[in-house]
Amino acid sequence: MRDGLLAMPAAAAPTCAACEQPILTGGVVTFGESAKYHEHCFRCTGCKAALPLSGVHAKGNRPYCAACWTANFAERCAACTKPFEARQRIVVFNGRKLHPECLRCAGPCGKCLGSVDGGGTFVQKDGRPYCPACHAEAFAPRCAACQQPITGGAKYVVHRGRKLHRGCFACGACGVSLAGAEHYEHDGVQYCAEDYRSLF
């Protein structure tokens with residue numbers, strides 16, 4: 001006490017969060033809510049590289065460079081397990097996050113279904129994605145005449161329990177479609193009314 005005044009202690013120097021020494025000289029870097037660092041101690045927690053003063057990633061109030069943060073903490077693709085980069089497009093299929101190039105047809109073509117220029121149209125079957133062609137090849141009913149898939153909204157005819165493309169349900173003589181037309185059968189072959197009368 002001097003001249004009736006209390007002596008005030010000097011403000012305590014902040015302690016560096018990295019080296020735990022007081023920051024007495026040089027610049028102070030404040031990171032997060034309260035962590036203080038010597039400028040030369042402000043380094044990536046992972047690789048120990050010097051960090052810029054902005055654009056630093058945080059985890060548990062510790063600083064990380066972009067590469068270490070991505071390698072250790074970024075979400076990963078459910079297919080390839082590689083991390084998603086910052087601002088990278090992600091597709092979600094069945095609740096799983098994927099790189100666009102990792103969403104592929106489960107059929108034999110393996111075509112990319114997630115990229116904008118890779119198609120983007122697919123059909124889901126049993127929790128797996130298929131391009132329309134592979135889905136039709138594997139799951140669509142087959143025409144009893146040509147054995148090709150009856151796809152999408154294609155109209156077909158059911159004759160004696162067999163599915164046929166409308167074009168495949170044709171007259172055995174002239175080939176005209178018999179779908180919705182008068183027709184007759186002779187020895188297991190279908191004929192339009194005109195050909196049946198002229199032939200038999």
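One is the number of the first residue; the rest follow in order along the sequence.
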* Test log, rule ring-ring contact (aromatic ring centres under 6.0 Å, His included), inputs Y196 and H183 -> CA-CA 8 Å; Y196 184 82; H183 61 278; over 10 Å; no
* To do: Tell me, with the steps shown, if L178 and C192 meet side chain to side chain contact (heavy atoms under 4.5 Å, CB included).
  => CA-CA 6 Å; L178 300 176; C192 66; 3.7 Å; yes
* Given R104 and K111, is the side chain to side chain contact (heavy atoms under 4.5 Å, CB included) satisfied, shown in steps? -> CA-CA 5 Å; R104 298 198 163 269; K111 177 181 174 182; 5.8 Å; no
* To do: List the steps and the verdict of side chain to side chain contact (heavy atoms under 4.5 Å, CB included) for I90 and H99.
  => CA-CA 5 Å; I90 297 172; H99 293 110; over 6 Å; no
* To do: Give the C-alpha distance, both sets of side-chain angles, the deciding distance and a yes or no for side-chain hydrogen bond (donor to acceptor under 3.5 Å, both in side chains) between Q21 and H38.
  => CA-CA 9 Å; Q21 298 298 313; H38 291 107; over 6 Å; no
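R197 has a carboxylate O that lies under 4.0 Å from a charged side-chain N of E182, or vice versa, which qualifies the two as a salt bridge.
Ring centroids of Y191 and F200 are separated by less than 6.0 Å, placing the two rings close together. F169 has its ring centre less than 6.0 Å from the ring centre of H159. Separation of the H135 and F122 ring centroids does not fall under the 6.0 Å cut-off. Aromatic ring centroids of Y64 and H57 lie 6.0 Å or more apart.
The side-chain hydrogen bond (donor to acceptor under 3.5 Å, both in side chains) pairs that include a residue from residues 71-86 are E75-K97, where partners are two or more places apart or lie in different chains.
Looking only at side-chain heavy atoms (C-beta outward), C47 and C65 come within less than 4.5 Å of each other. Inter-residue side-chain proximity for P129 and C105 is flagged as unmet; no heavy-atom pair is nearer than 4.5 Å. For the pair P141/P149, no side-chain contact is recorded, criterion being any heavy-atom separation below 4.5 Å from C-beta on.
Between the side chain of N94 and the backbone N or O of G127, at least one donor-acceptor pair lies under 3.5 Å. For T70 (side chain) and A67 (main-chain N/O), no donor-acceptor pair under 3.5 Å exists by modelled atom type. Using a distance-only test at 3.5 Å, with no hydrogens or angles considered, a donor-acceptor pair links the side chain of S177 to the main chain of R166.
Residue F93 comes nearest to Q124 through the heavy atom pair CE1-OE1, 3.7 Å, listed as atom of the first residue, atom of the second, then distance. Summarising the geometry of P63 relative to T45, their closest heavy-atom pair is O-OG1, 2.7 Å, with the distance given to 0.1 Å. Across all their heavy atoms, W69 and A58 have their closest contact at NE1-O, 3.6 Å. Minimum interatomic distance between R96 and A79 (heavy atoms only, all atoms of both residues): NH2-N, 4.0 Å. Across V91 and G114, no two heavy atoms sit closer than the pair CG1-O, 3.9 Å. Across every non-hydrogen atom of I150 and A140, the tightest pair is O-CB, 3.6 Å.
Remark: Y37 OH to T30 OG1 distance equals 10.5 Å, nearest 0.5 Å. One finds the SG atom of C68 at 9.0 Å from the CZ atom of F73 (value rounded to the nearest 0.5 Å). We find the CG-OG distance between N61 and S34 to be 6.0 Å, quoted to the nearest 0.5 Å. Atom CD in E101 sits 7.5 Å away from atom SG in C77 (nearest 0.5 Å). Distance check, rounded to the nearest 0.5 Å: NZ of K36 to OG1 of T15 gives 11.0 Å. Atoms SG and OH, on C171 and Y184 in that order, are 12.5 Å from each other to the nearest 0.5 Å.
By the criterion of side-chain heavy atoms lying less than 4.5 angstrom apart, applied directly or through intervening Ile, Leu, Val, Met, Phe, Trp or Tyr residues, L113 is grouped together with L98 in one hydrophobic cluster. V92 and F84 end up in different hydrophobic clusters when Ile, Leu, Val, Met, Phe, Trp and Tyr side chains are linked at under 4.5 Å.
Enclosure of atom CZ in R142 by more than 12 non-hydrogen atoms of other residues, nucleotides or ligands within 6.0 angstrom is indicated. The 12-atom threshold is not exceeded at CD of E194, counting heavy atoms of other residues, nucleotides or ligands nearer than 6.0 Å.
Residues that satisfy the side chain to side chain contact (heavy atoms under 4.5 Å, CB included) test with P132, not counting sequence neighbours, are T121. Residues satisfying the salt bridge (Lys or Arg N to Asp or Glu O under 4.0 Å) test with E20, not counting sequence neighbours, are none.
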